[in-house]
There are 2 protein chains.
Amino acid sequence: MRIPKGVRQSRLVTSLEQNPFMTDEELAKQFKVSVQTIRLDRLECGIPELRERLKTVAARTMEAEVKSLQSDEVIGEIVDIVLDKRAISIFDVTEDHVFQRNGIARGHHLFAQANSLAVAVLDDDLALTVTSTVNFLRPVKAGHRVIARATVDKERSNERRTFVEVTSTVGSDVVFTGQFQMYQTTEQSGRKN
Amino acid sequence: MRIPKGVRQSRLVTSLEQNPFMTDEELAKQFKVSVQTIRLDRLECGIPELRERLKTVAARTMEAEVKSLQSDEVIGEIVDIVLDKRAISIFDVTEDHVFQRNGIARGHHLFAQANSLAVAVLDDDLALTVTSTVNFLRPVKAGHRVIARATVDKERSNERRTFVEVTSTVGSDVVFTGQFQMYQTTEQSGRKN
DNA sequence: ACTGGTATTAGTACCAAGTGCTAATCCGGA
DNA sequence: TCCGGATTAGCACTTGGTACTAATACCAGT
């Protein structure tokens, strides 16, 4: 019993987390025990066999690929939209969006949600952001659901420039506001809604 | 010979691209042929067996996860940095970053690069963006290499607020400028939370 | 020194999802 | 009718396991 069982098992776990591709035989060599011991260890730790591990890892990929494709075009899920007037999107903040050090969401994610919404609310094939001023009012953390509301400011808009105001809230707290000046290319005169 | 061999094989390929998790037996049922026929088809098309497919898909995940971890904390690669003074990062725009419709980079990616750089240039565990004004001057397209230069504006900065200017260029063209007002917490004991 | 209990190792039968090979059968066209 | 590609069947073998049983090793307590 070179190294105690418990130590070996916890090393086994971390080893497989890092590299799930190892067979029992390879693991046996690494830990200098028999294959059977590795099997028992996996059994006790509830670690599935190689093929099952690969299956779940692969499944995670497929999901992730679908997700990244979806979430790429628009950050946040648009739940309500009246073209050229207003729109609402929801963005659930996860661990992936925050600084590890302090758990606060990185600003560019909130910007991305607001910017995406500003683009989406304009009924235009080619709406681009020209200028934007944004305020991060309160820190947002993982688990928070950010609701962004965009409204088109008709007063200030003209043929080529459209102003969109975005206010994002978590619960009843306003966490972010932004003004977006957008550039549009299609003719807006005939189009009305 | 219900459907010709060629058609079946090309369907097999697309079928497995969509869902690589199918066994030969399941595929045989789907195409209403024998398992052996599926095997021959795979052989002719150079499609590996289920386990190999899962292995490569899983491997892709692991890579992607490493990549997303890296690129998550900072958007763009920081190539030069003098803390509290200036910093430079490089961000290569790919197809993933542009609107399919017009091939122009979504604004929030340029914002993210600039914002990440503004955070990085401050030698602080807890630098947060408070307010920002940004200008998108020229469209950026896939293949472009965006170089962002951040400089800390000492004049306007005080204990609690630091001003960072970011200018991003593609070649000799300035494509983006941004002013970031940052909140810092270092050297003050009364850290609010 | 003997005993008990845990840990480890060994060995067997079996499974899934294949490869590789040979052989038989089907089926359509000249 | 015969030929040839397409299809199907069958068998041995491989990997990386599960499930189970049995043997052995080792350490502690009395």
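In what follows, every chain begins at residue 1, and chains take the letters A, B, ... in the order their sequences are listed. Hydrogens, waters and symmetry mates are skipped; everything else that's a heavy atom, side chains included, is used.
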When the distance from [atom1] of [X] to [atom2] of [N] is rounded to whole Å, what number comes out?
X: B:Arg53; N: C:dA17; atom1: CZ; atom2: P; result: 11 Å
X: A:Leu50; N: D:dT15; atom1: CG; atom2: P; result: 14 Å
X: A:Lys5; N: C:dT8; atom1: NZ; atom2: C1'; result: 9 Å
X: A:Arg8; N: C:dT9; atom1: CZ; atom2: C1'; result: 12 Å
X: A:Met22; N: D:dT15; atom1: CE; atom2: P; result: 17 Å
X: B:Asp24; N: C:dA17; atom1: CG; atom2: C1'; result: 8 Å
X: A:Glu25; N: D:dT14; atom1: CD; atom2: P; result: 14 Å

Between [X] and [Y], do the side chains contain an N or O donor and an N or O acceptor separated by less than 3.5 Å?
X: A:Ser157; Y: A:Thr162; result: no
X: A:Thr129; Y: B:Arg106; result: no
X: A:Ser132; Y: A:Gln179; result: no

> Among residues 26-49 of chain B, which residues get a heavy atom nearer than 4.0 Å to DNA chain C?
Replying inline: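 Within this stretch, B:Arg39, B:Arg42, B:Glu49 sit under 4.0 Å of the strand.
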
Can you name the atoms? Protein N/O to nucleotides 14-16 of chain C N/O, anything below 3.5 Å, with the distance.
from   : atom 1 : to      : atom 2 : distance (Å)
C:dA16 : N3     : B:Arg51 : NH2    : 3.2

> Cation-pi between B:Arg156 and B:Phe163: NZ/CZ under 6.0 Å from ring centre and within 45° of the ring axis?
Replying inline: yes

> Less than 6.0 Å separating the ring centroids of A:Phe111 and A:Phe180?
Replying inline: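 Yes, the ring of A:Phe111 comes within the 6.0 Å limit of the ring of A:Phe180, centre to centre.
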
> How long is the gap from CG on B:Asp41 to CG on B:Asp24, to the nearest 0.5 Å?
Replying inline: 10.0 Å

> Would the number of heavy atoms belonging to other residues, nucleotides or ligands and lying under 6.0 Å from CD of A:Glu26 be above 12?
Replying inline: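 For A:Glu26, atom CD is crowded (more than 12 foreign heavy atoms under 6.0 Å).
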
> Within a reach of under 6.0 Å around CZ of A:Arg161, are more than 12 heavy atoms found that belong to other residues, nucleotides or ligands?
Replying inline: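 Correct, the count exceeds 12.
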
